[in-house]
Amino acid sequence: MRIRAQVAMVMNLDKCIGCHTCSVTCKQTWTNREGTEYVWFNNVETKPGIGYPKGYEDQDRWHGGWRLDSNGRLTLRSGGRIKRLTRLFANPDLPSIDDYYEPATFDKDILVSAPAGLTDTPVKRPYSTLTGEPMSVQWGANWEDSLGGAHEHAGQDPNIARMPADAAAKVKFEFEKTFMFHLPRICEHCLNPACVSACPSGAMYKRDEDGIVLVDQDRCRGWRMCVSACPYKKVYVNHATGKAEKCTFCFPRIEAGQPTICSETCVGRLRYLGIVLYDEDSVGAAASVPDEHDLLDAQRGVFLDPHDPAVQQAARDAGMPDEWIDAARRSPVWRLISEYRIALPLHPEYRTLPMVWYVPPLSPVLDAVGAAGRDDTDADDVFHTIRDLRIPVEYLAELFTAGDADAVAGVLMKLATMRSYMRARTLDGTVAQDLLDSIDMTADQVEAMYRLLAIAKYDERYVIPTAYDKDAAALEAQAAAQGDCSLDCEGGPGMGGDRTAATVEQFHLVEGDSGVHPGRRGLMARRRDGRVGLSINPLRSGS
């Protein structure tokens with residue numbers, strides 16, 4: 001067993017109001033430069049809908065993520081090394097600007113320079129920020145926001161196409177009949193990242209100490225294989241620099257013990273950040289289980305119980321500081337994923353083992369129970385009503401459990417039971433033991449889950465340890481040498497040449513085990529005291 005720590009996020013979709021505050025603050029912080037006008041590291045989609053870029057979930061078209069070959073081996077959908085080599089200069093699996101959207105600006109001067117006496121109100125015309133030519137706005141990163149454009153394109157949602165015919169028939173797009181919920185998306189910072197394995201130049205790498213996936217801007221040659229390989233389409237190309245860019249999980253803030261900017265500014269307080277301990281040796285096996293319905297439990301099986309004394313000792317033996325082990329014990333992410341088991345990964349069938357999980361949205365189930373003439377305090381009545389909620393369970397299953405509707409129904413049952421139990425507890429102080437028995441949870445667990453989901457304070461939602469003490473001096477020296485923010489430079493966020501210069505005294509290169517996927521080799525940066533540090537070479541596909 002080789003223990004690693006991963007910074008992970010859980011989002012409670014019940015609390016997302018679709019205000020896009022997270023998207024705006026992320027863009028102002030990370031992608032407000034030339035070449036990134038179309039880029040949204042964080043975006044909020046309305047479901048049902050085809051998303052951003054268009055139809056990114058259709059892997060028959062984009063060939064992102066992993067698949068099992070005829071021998072049961074894990075291989076990239078985009079092909080092996082030879083196939084990728086033949087496509088270096090003509091990659092057919094890339095979204096075009098029309099799949100994202102052509103960013104526009106507006107001629108505001110006409111409003112102040114229009115001559116007096118006009119009979120018509122002057123109108124700002126849209127101009128393309130890419131070409132400078134007049135344009136007609138036809139699409140955007142949130143075109144379907146709150147079902148605004150859903151009547152035109154939402155029927156092409158790949159999740160609906162994969163649903164059983166009878167379940168798909170329930171999805172109606174008349175405004176007063178359809179359902180809606182918001183889905184915030186960032187890079188998944190996967191345990192088995194396809195983008196890292198597909199990168200020919202070794203620019204994509206996964207940090208060993210916290211699992212954050214970054215792009216080395218100096219090594220990137222703009223081959224764009226990472227864009228094709230990412231099934232979530234969360235790697236972008238800066239058209240001004242020709243370099244790949246992606247969500248950095250706000251790693252400068254994480255290193256300082258602060259939450260990501262999207263979490264900090266979230267109006268609904270729906271995001272949770274914390275540390276998850278996992279067994280590196282079991283990652284490959286978890287991603288390779290034959291049945292897609294088993295992928296959820298397989299990934300949960302990779303995570304280790306931070307309260308287990310044996311796990312804690314193994315983490316210390318691996319060089320992990322006590323502060324990180326304590327943060328793992330207090331992690332809200334581990335509790336939501338592994339203890340309460342109500343958080344689910346986005347599209348586990350991509351086999352990347354994503355590390356941004358979601359608590360699925362729960363329709364007004366108690367109202368639905370009453371409207372159906374059933375007893376909303378009876379566990380059986382609540383469970384049967386869940387199958388007929390406004391948001392089809394089958395649709396949620398296509399998003400979060402590779403089509404396993406029973407797994408989603410079980411999560412919704414826990415959430416509905418929590419609401420019923422807490423309502424009775426608040427109104428007359430009764431303990432509905434039959435409800436607790438139906439979900440195999442204790443009263444203390446349900447009340448703790450309620451507190452975490454509903455009224456958790458800042459330090460309960462974000463449990464982030466600071467960077468290793470041994471790194472602090474190097475980080476401070478690097479920041480002092482820059483004289484300004486080390487990321488505020490031409491080319492944007494990433495780890496450029498200054499990263500190598502700042503760490504040359506601290507690291508030396510050795511050839512050895514990649515340390516993330518068993519059986520793969522690569523260059524590692526290893527501390528002179530023997531503890532593994534930052535990986536600067538990609539993990540190669542076995543294909």
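Counting begins at 1 with the first residue of the sequence. FYI, side chains are in, hydrogens and waters are out, and symmetry mates aren't considered; it's all heavy atoms of this structure.
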Problem set entry | From CA spacing to verdict: side-chain contact (heavy atoms from CB on, under 4.5 Å), Arg207, Leu214 | CA-CA 8 Å; Arg207 300 210 308 182; Leu214 296 175; 3.7 Å; yes
Exercise. Are Lys47 and Asn159 close enough, and set up right, to give a side-chain contact (heavy atoms from CB on, under 4.5 Å), and what steps lead you there?
Worked result: CA-CA 10 Å; Lys47 289 294 184 181; Asn159 298 295; 3.9 Å; yes
Problem set entry | Step-by-step side chain to side chain donor-acceptor pair (under 3.5 Å) determination, Asp14 to Asn12 | CA-CA 5 Å; Asp14 249 348; Asn12 183 1; 5.6 Å; no
For this session: Check step by step if salt bridge (Lys or Arg N to Asp or Glu O under 4.0 Å) holds for Arg77 and Asp93.
Result: CA-CA 11 Å; Arg77 281 183 177 270; Asp93 298 329; over 6 Å; no
For this session: Begin from the C-alpha positions of Tyr236 and Thr36 and carry the test side-chain contact (heavy atoms from CB on, under 4.5 Å) through to its verdict.
Result: CA-CA 8 Å; Tyr236 306 89; Thr36 61; over 6 Å; no
For this session: Evaluate side-chain contact (heavy atoms from CB on, under 4.5 Å) for Tyr340 paired with Val359, printing each intermediate quantity in order.
Result: CA-CA 11 Å; Tyr340 306 142; Val359 177; over 6 Å; no
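Annotation: Arg269, atom CZ; neighbour count of heavy atoms from other residues, nucleotides and ligands within 6.0 Å does not exceed 12. More than 12 heavy atoms of other shown residues, nucleotides or ligands fall within 6.0 angstrom of atom CZ in Arg335.
At least one donor-acceptor pair under 3.5 Å links the side chain of Arg221 to the backbone N or O of Asp218. No donor-acceptor distance shorter than 3.5 angstrom exists from the side chain of Ser331 to the backbone of Gly274, with no hydrogens or angles considered. Proximity of a side-chain donor or acceptor of Gln258 to a complementary backbone N or O of Glu255 within less than 3.5 Å is not detected. Side-chain atoms of Trp223 do not come within 3.5 Å of backbone N or O of Leu85 as any donor-acceptor pair. In this structure, the side chain of Tyr272 engages the main chain of Leu452 through a donor-acceptor pair within 3.5 Å. Glu398 places no side-chain N or O within 3.5 Å of a backbone atom of Tyr395 that could act as its donor or acceptor partner. With Lys54 contributing its side chain and Pro95 its backbone, the two residues share no donor-acceptor pair below 3.5 Å. Between the side chain of Glu37 and the main chain of Gly35, a donor-acceptor pair closer than 3.5 Å is present. In this structure, Ser201 contributes its side chain and Arg219 its backbone to a donor-acceptor pair below 3.5 Å. With hydrogens and angles ignored, the 3.5 Å screen pairs a side-chain donor or acceptor of Thr25 with a backbone N or O of Cys22.
Counting heavy atoms from C-beta on, the side chains of Leu344 and Val408 come closer than 4.5 Å. With a 4.5 Å cut-off on side-chain heavy atoms, Leu273 and Val463 do not count as touching. You'll find the side chain of Glu102 reaches within 4.5 Å of the side chain of Thr131, heavy atoms only. Counting only heavy atoms from C-beta outward, the side chains of Pro200 and Arg84 never approach each other to under 4.5 Å. Side-chain contact between Gln299 and Trp357 is present, with heavy atoms from C-beta onward closer than 4.5 Å. Taking the side chain as every heavy atom from C-beta outward, Pro184 and Leu13 approach each other to under 4.5 Å. Within the 4.5 Å cutoff, the side chain of Glu245 has heavy atoms near those of the Gln217 side chain. The shortest side-chain heavy-atom distance between Val215 and Lys246 falls under the 4.5 Å cut-off.
The closest side-chain donor-acceptor pair between Thr46 and Glu144, if any, does not fall under 3.5 angstrom. Side-chain N/O atoms of Ser23 and Asn43 include no donor and acceptor closer than 3.5 Å.
The aromatic rings of Tyr462 and Tyr458 sit perpendicular, their planes meeting at an angle over 60°, well past the 30° parallel limit. Taking the six-membered ring where the residue is Trp, Tyr358 and Phe400 present tilted rings, their angle falling between 30° and 60°.
Taking 4.0 Å as the cut-off between side-chain N and carboxylate O, Arg451 and Glu460 count as a salt-bridged pair. Comment: Lys233 does not engage Asp99 in a salt bridge, judged by the lack of any side-chain N to carboxylate O separation of less than 4.0 angstrom. At a threshold of 4.0 Å, the pair Glu188-Lys234 does not count as salt-bridged, since none of the basic side-chain nitrogens sits closer than that to a carboxylate oxygen.
Scanning both residues, Arg162 and Glu57, for their nearest heavy atoms gives NH1-O, 3.6 Å. Residues Ile50 and Asp157 share a closest heavy-atom pair of CG2-N, 3.7 Å. The minimum heavy-atom distance linking Ala8 with Val276 is given by the pair CB-CG2, 4.1 Å. Residue Thr178 comes nearest to Pro48 through the heavy atom pair OG1-CG, 4.3 Å, listed as atom of the first residue, atom of the second, then distance. Taking every heavy atom of both residues into account, Ile337 and Ala343 meet most closely at CG1-CB, 3.8 Å. Nearest approach of Ala244 to Cys226, heavy atoms of both residues: CB-SG, 3.9 Å.
Applying side chain to side chain contact (heavy atoms under 4.5 Å, CB included) to His182 and the options Asn142, Leu270, Asp145, Ile17 leaves one that passes, Asp145. Screening Tyr232, Tyr205, Phe249 for a ring-ring contact (aromatic ring centres under 6.0 Å, His included) involving His189 leaves a single residue, Phe249. Screening Trp139, Phe41, Tyr100 for a ring-ring contact (aromatic ring centres under 6.0 Å, His included) involving Tyr52 leaves a single residue, Tyr100.
Between the CD atom of Gln6 and the CG atom of Asp210 there is a distance of 7.5 Å, given to the nearest 0.5 Å. Between the CG atom of Asn42 and the OG1 atom of Thr260 there is a distance of 8.0 Å, given to the nearest 0.5 Å. Between the OG atom of Ser228 and the CZ atom of Arg87 there is a distance of 8.0 Å, given to the nearest 0.5 Å. Atom CG of residue Asp58 and atom NE2 of residue His63 lie 9.0 Å apart, to the nearest 0.5 angstrom. In this structure, CH2 in Trp66 is found 5.0 Å from CG in Asn192, a value given to the nearest 0.5 Å. We find the NE2-CH2 distance between His153 and Trp143 to be 8.0 Å, quoted to the nearest 0.5 Å.
Taking the ring centre of Tyr56 as origin, the terminal cationic atom of Arg185 falls inside the region bounded by 6.0 Å and 45° from the ring axis.
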